[in-house]
Structures are given as structure tokens and as C-alpha cells.
Amino acid sequence: MKTILGYLRPHAPRVAVGITIKFTAAVLELLLPLLLAHIIDDCVPARDLPGVYRAGGLMLVMAFGAAFCNITANRMAAWVSMDMTRQLRRDLYERTLLLSQAQLDRFSVSSIVSRLTNDTYNVHQMFDKIQRGGIRAPMLVLGGLALTFLQAPPLALVQLAVCSATFFAIWLVTRQGIPRYTRAQEAVDTVVRVLRENASGVRVVKALACQGRERERFTAASRASKEAEETAGRVMAAANPLSDFLLNLGLVLVVLAGALLVDRGRMASGQIVAFLSYFTLIQTATLGLAKLFVKFSKGAASARRIEEVLLAPEDQRVRLPENPDRPGPELGMEHVSFSYLGVEQDLDGASFSLNKGETLGILGPTGSGKTTLISLLLRIYDADGGVVRVGGRDVTALSREDLRGRFGVVFQNEALLNDSVYENISFLRRLPREDVIAAARTAQAWEFIEALPEGLDARLDIRGANLSGGQRQRLLIARALAARPGILILDSADSALDYRTAAALHAAIRRDFPGVTLVVISERVASLRDADRILVLEEGAITAQGTHGELLESCGRYRRMAELQMGGLRA
Ligand code: ADP
Ligand code: MG
């Protein structure tokens, strides 16, 4: 909460002015019933008409004054809380961009999204409501009670009792209601998720004829949402009638007790009217106060969730290199181990090295750690042990920009933007069109781009749905090539390409990017056979490495793969 409160500091002057205005308004509101009592008890019995006009006029001016003050202060509160929430959201977003992948995994992306949206909204609401009611409500309650105590302690005691009952009743009901609304919100999230999965996987759903099952899944989610909403509604339904009942009960009690006092000549009737006004004022303020507490607890919980992200320590520091002049391989690992969750080793004792301009091939079944290995080269994750080298240096000694600037990467399942072909290849880097075209040519994508009605300016559907899988893949390869990286990583980038296109692609990369260091992950021996070094990965361990020829001799698994795919073709 301390960090979040810090966001109020720059607005302290505006908050102070707002509080002063609210204070003035509350004083005006508290004085109104006194004037009313004065009119009824002093002016009316004395038939002092000018006195009635004077006091009435003054009341009118004060009522207007209070309304004007409250409106002005509320506007200022809205203004301040909007400004500070905007700053908070911006900082949170920037911090999110700097989180390491390991931290993102830990928070989960959907939780980050809800922290950026829901939680900042709750904090906004909290600050807004506190500024609006945080001064006014307690002042009206305490001031009202104090003024009534001065005049007739027994009546004030009745008010105090009813007020306390109201506060606890409303506070209890809302406190019960809020978590139920949260659950209802989560149930709606589930419905949306099921819908989204169905909509994006509609082809598979149809192809596998699972409409029936999916319908059941949706019905279940939708029913859960309805039930959660009902439970929340049932609890909260008590809130308003309960407060109305307590208000009326209080009014009746005040009138009864007041009538007794008047009867015994211990009170004037005007005072009773003033008491009724005070009572309504206090009761409404109490209600506001109870709701304010709930808003506050909700906002405080959200503030904690935001602070978790804001205060997350930077876990990928850049160290000074111990010996910057020591030459090393362009790419390499020395006894590198890594685990995502700390349960099993996802990469275990990996060692290899590759010189500048050479090609590294990586072969292994799904889940063997191929993507993990390149994630460590890119320092998306930090190794638990061992040294990862890029450009001869320990990756932990390279700045983020220096490291990432060396690579061009195509990941598996990467997404295209709902934008032009040019933007998809240039990808926010504003590359010259010639470079984009050259990259598209190398990636074997130019032929089909040229055939599109608007060529490079043709628009892609969401996720590139108007392209074939192979076309999407070639666009992504063009994107990786377009900035002419020193190191190019293709993670299963040829999976949707036919053999001829894949071969043409590899030949074109070698021809057009002669100095590039290439890392190719593929299920196809044909895509890897020309590599200077091939790693065979199994369950996170490099079980064999060498050239195509060497592996045919030494690695039974590699030989079997080669024979299966290439019909026993030898190097
Ligand atoms: P490959 O690319 O060879 O198919 P990966 O490198 O993606 O395999 O995965 C290697 C292992 O690490 C698998 O067992 C996979 O389940 C696990 N893994 C991959 N990504 C994560 C992640 N973000 N969190 C936890 N485990 C992961
Ligand atoms: Mg993979």
C-alpha cells in the first residue's frame, strides 16, 4: 500500500484543497438543521416573519453553498484519482514489459492482464471514494452526533444505537456480497474462455464432431455463472431494504422519544425536527461510510496485487564480464542445466560450441528441450548452472539490447498481426521496403506476396487466417531475416513447408546471408544434414553430437531417423 500511496504525493496540493472544500461543505450541512430549529422554536412563536425570511434565506444560501462545494470537490477527486491511476497503470505496464519470462510464468499472463485492468480500476475507485467520502461521512456522523448530544443526550443515544446497527448490518452484508460477486466475475471469465476456445478451435471441434461435448461444456460454464450471480444477488438484495428499514425505525424511535421529552417540557418541537434532519444526515453518512470500508478493503487487496508486480525484483541482472578479451565460440554452452519449475531437469549438462558462420542443427522428439535450449541462448530464461555464450561472451554480461539485437528468431506457433504484409515483416522496426522484399525473397515468400492483390500492402486477417500454414511460416521467416541478424534461429520453421520449398529456403539463406550463424531445429534429417554440428536431444540431455556423417556412424537413433526419412540415403 505504501508504494501505491506514493502515487498520491504529487497531487497532495489538489487533495488538500479538495479536503478543505469538503470540510467547508460538511460544516454548512451540519448547521442547516440548527437554523431550522431556530425558525420553528424562536421565529414562528414570536410571529417574527422577517426573522423567518432571514434564516430561510441563509439556509438557502448555505444549501447552495454545500452543494456547490461538494460538486467541486468531487470533480477534483475524480481528476486526481484519474491522473494517479493513469500514472500507476503506465508504470505497471512498463514494469510488466521488463519482467523476465520466469516472472511472467509465475504471475501468469492472464493475472497480469487483470492486474492492469481490474486491479487498477479498484484502486482508482478506492481513491476516488475516499476523497469523496473519507472526510465528509465521518464529519457528518461525528459532528451530527456531537451537536445532538449537546442538545438532548437521550435522543442522541437513540441515534447512536441505530447508526451503529446500520453500520454493522451494511458492512456485514456487503462484506459477504463482494467475494460472491468476485466469484460471479470469475464464472463469467470461464464462460468467455470456453467461448473463445470454441470459436478459435471451431474447425477442430467440427472435424472431430465434438459439438455435443462442447455444448455441454458451455452449458455447464453458463449455469455456474448464473448460479454465482444469483447467490451474489440474493445476499446483496438485503442491503438496501435493510438500510431503509433501519432508517425508518430510527425515525420512529426519535419521534417517540422526542415526543416524550416535549411532553415533559424538556425539549422544543423545533428541536425534534432538527433531530430528524440530523438523523437522516447521520444515517446516510453511516451508510456511505460502511460502503467506503468495503471499497477500501477491495482497493487495498488490489493495491497489494499491483505492488507485487511493481516491486518484483529485477532477476536478470547484467554482470560485468570477468575477462572480456577471452575469445569464445559464437554460440556455446558449458555444462548448462535448467529447470522450469524446479521439479525435473528440462536441460541437463548441455555442452556444445559453434563458430561464427557455422550451422547448428538440433534434432529431438517433442518435449526433449529444443525450444528450451534456444530460450537459454536468447536469455529468455537464465540457466540454473553452467555458462551460456553468445558472441564469445557470457550472456549474463551482455546488455538486453546487445544480446537480442544479434538474433533473428522464428518460434513455433508465433502469431501474425492483423495488419499489412509489410508491417508483419518489418514488425514495428520501420525497415526499408527493399529490405523487406529481399527478406521475403530469401524466405521463399515473395512469390505468393506478389500474387496478392495489393502485394506488400495486402492486409492479413487475425492470426493470418487468410493464409495457408506454409505461407504464414514463410512470412515469419522473412520477419526474422529482415533486420539482417548475425545469428538466425529457426525453431521448427519448416514444419509446414514441403521438402522442395524447405531445401530452397535453406539454400537461399546460405546464399543471401553468407556470414550468418544458423541454428535450425527440425524434425527432418534433410534440413539438418548440411549442418556443421548436429545435436541430438533426448529428455533434456544432448545424447549425441557431430556432423551428419559422424552421427550416422555413432548414433543409432539418428541413423534410424535418417533411414526412415531418406530411404536409407547415406551422406
Ligand atoms: P521441445 O521444443 O523439444 O518440444 P521444450 O523445450 O518446449 O521441448 O520443452 C522441454 C520440456 O520442458 C518439456 O517437458 C516441457 O513440458 C517443459 N516446458 C516447456 N516450457 C515450459 C514452461 N513454460 N513451464 C514449464 N515447463 C515447460
Ligand atoms: Mg519446441
Side-chain angles (χ1 to χ4, degrees), residues 96-113 309 312 315-316 331-333 335-352 354 359-386 388 390 395 407-416 469-470 472-473 476-477 479-480 487-497 502 505 518-528 531 533-545 551 555 557-558 560-562 564-565:
T96 306
L97 292 180
L98 293 178
L99 289 177
S100 71
Q101 187 60 43
Q103 287 170 322
L104 278 179
D105 290 351
R106 221 172 302 129
F107 285 122
S108 95
V109 171
S110 61
S111 147
I112 294 277
V113 171
V309 178
D315 67 351
Q316 287 195 316
L331 281 183
M333 288 191 169
H335 311 289
V336 168
S337 59
F338 174 73
S339 168
Y340 284 101
L341 307 171
V343 185
E344 54 185 38
Q345 290 293 32
D346 294 301
L347 207 63
D348 198 1
S351 297
F352 71 87
L354 192 79
T359 300
L360 180 73
I362 305 179
L363 183 80
T366 316
S368 57
K370 307 182 295 288
T371 302
T372 307
L373 190 146
I374 60 167
S375 302
L376 293 182
L377 288 176
L378 287 160
R379 209 188 174 197
I380 293 171
Y381 294 96
D382 273 335
D384 298 331
V388 179
V390 170
V395 281
F407 288 97
V409 196
V410 180
F411 282 112
Q412 267 169 307
N413 315 323
E414 212 172 322
L416 289 166
R472 281 200 291 271
Q473 223 161 21
L476 292 172
I477 296 169
R479 177 193 290 173
I487 307 169
L488 179 65
I489 297 182
L490 304 175
D491 186 352
S492 314
D494 58 9
S495 60
L497 304 184
L505 169 73
L518 193 61
V519 178
V520 180
I521 296 180
S522 178
E523 314 248 307
R524 294 183 190 166
V525 173
S527 294
L528 305 175
R533 181 169 295 273
I534 301 169
L535 310 179
V536 179
L537 267 177
E538 285 174 71
E539 294 181 10
I542 300 178
T543 50
Q545 57 177 302
L551 287 174
C555 180
R557 192 184 181 102
Y558 187 82
R560 276 193 300 281
M561 285 274 293
L564 208 65
Q565 291 182 10

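Remember, it's 1-based here, ligands and their atoms both numbered in the order they're listed. In this chain, numbering begins with 1 at the start of the sequence shown.
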**Fill in**
Nearest heavy-atom approach of Gln345 to Phe338 is OE1-O, 3.4 Å

**Request:** Indicate the atoms forming the closest heavy-atom contact of Val388 with Ala383, along with that distance.
**Result:**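 Looking at all heavy atoms of both residues, the shortest contact is CG2-CB, 4.3 Å.
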
Return yes if some donor-acceptor pair links the side-chain N/O of [X] with the main-chain N/O of [Y] below 3.5 Å, else return no.
X	Y	value
Gln473	Ala496	yes
Gln316	Ser100	no
Asp384	Ser339	yes

**Asked** Does a side chain donor of either Tyr340 or Thr372 reach within less than 3.5 Å of an acceptor in the other side chain?
**Response**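 The answer is yes; a qualifying pair exists.
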
Closest non-hydrogen protein atom to [atom], residue and atom name please, with distance?
atom	result
atom 15 (C) of ligand 1	Asp346 OD1, 4.8 Å
atom 5 (P) of ligand 1	Thr372 OG1, 3.5 Å
atom 19 (C) of ligand 1	Tyr340 CE1, 3.3 Å
atom 1 (P) of ligand 1	Gly367 N, 3.4 Å
atom 7 (O) of ligand 1	Thr371 CB, 3.7 Å

[X] neighbourhood, listing ligand 1 atoms whose heavy-atom distance to it stays under 4.0 Å:
X	result
Asp105	23 (N)
Thr366	4 (O)
Tyr381	23 (N)

**Item:** Test item: protein heavy atom less than 4.0 Å from atom 21 (C) of ligand 1
**Value:** yes

**Fill in**
The reported gap from CD1 in Ile521 to CG in Leu528 (rounded to nearest 0.5 angstrom) is 9.5 Å

**Message:** Under 2.8 Å from the Mg ion (ligand 2), can any N, O or S atom of Thr371 be found?
**Reply:**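 Thr371 does place an N, O or S atom closer than 2.8 Å to the Mg ion (ligand 2).
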
**Asked** Is the Mg ion (ligand 2) less than 2.8 Å from at least one N/O/S atom of Gln412?
**Response** yes

**Message:** If you apply the rule side chain to side chain donor-acceptor pair (under 3.5 Å), what do you find for Gln412 with Thr371, and how did you get there?
**Reply:** CA-CA 9 Å; Gln412 267 169 307; Thr371 302; 3.2 Å; yes

**Request:** Go through Asp494 and Ser527 one step at a time and tell me if the side chain to side chain donor-acceptor pair (under 3.5 Å) criterion holds.
**Result:** CA-CA 8 Å; Asp494 58 9; Ser527 294; 2.7 Å; yes

With the threshold set at under 4.0 angstrom, would you say [X] reaches ligand 1 through any of its heavy atoms?
X	result
Gly369	yes
Pro365	yes
Phe411	no

